[in-house]
Participant: 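Sharing a structure, written as structure tokens. Questions coming.
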Amino acid sequence: MTAPSRLREGRLADTVPRLLAIASQRLGWAPDTFWHATPADLMLALGPTDPGAAPLTRGDIARMMEHDAHG
């Protein structure tokens, strides 16, 4: 799966606010509900994930951080 071009450009940190806004809109949450939600609440509301997908490893995260650091 590829990301839409408008989200593919730039650094991950630069796209997080936009992704959070999209999640809030799609879920229909009022701002107060959204800002009081935990990451676990957001994950639960977004639905099940692929049970066959392996979780990220420390190495995966380190590679993503290295890639993002050099934009």
Side-chain angles (χ1 to χ4, degrees):
M1 175 193 291
T2 59
S5 62
R6 67 183 177 274
L7 296 177
R8 198 177 321 136
E9 298 171 5
R11 297 176 33 178
L12 176 63
D14 297 335
T15 62
V16 169
R18 181 72 183 126
L19 292 172
L20 290 174
I22 291 168
S24 177
Q25 291 170 350
R26 295 280 167 93
L27 292 170
W29 288 358
D32 189 57
T33 302
F34 179 79
W35 290 113
H36 284 95
T38 66
D41 295 331
L42 183 58
M43 288 177 62
L44 182 63
L46 291 173
T49 58
D50 179 2
L56 292 175
T57 66
R58 288 180 185 251
D60 295 331
I61 294 170
R63 280 188 295 282
M64 288 171 32
M65 291 173 63
E66 178 68 21
H67 181 266
D68 194 48
H70 299 290

Participant: Could you state the interatomic distance from CG (Leu46) to CZ (Arg26), rounded to the nearest 0.5 Å?
Facilitator: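 It is 10.5 Å, given to the nearest 0.5 Å.
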
Participant: Show me the pairs that pass side chain to side chain donor-acceptor pair (under 3.5 Å) and involve residues 51-62, at least two apart or across chains.
Facilitator: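 Matches after skipping sequence neighbours: Thr57-Asp60, Asp60-Arg63.
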
Participant: Got a second to check how far Ile22's CD1 is from Leu27's CG, nearest 0.5 Å?
Facilitator: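 Rounded to the nearest 0.5 Å, the CD1-CG separation comes to 11.5 Å.
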
Participant: Which atom pair, heavy atoms only, marks the closest approach of Leu42 to Trp29?
Facilitator: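 What the structure gives for the nearest pair is CA-CH2, 4.1 Å.
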
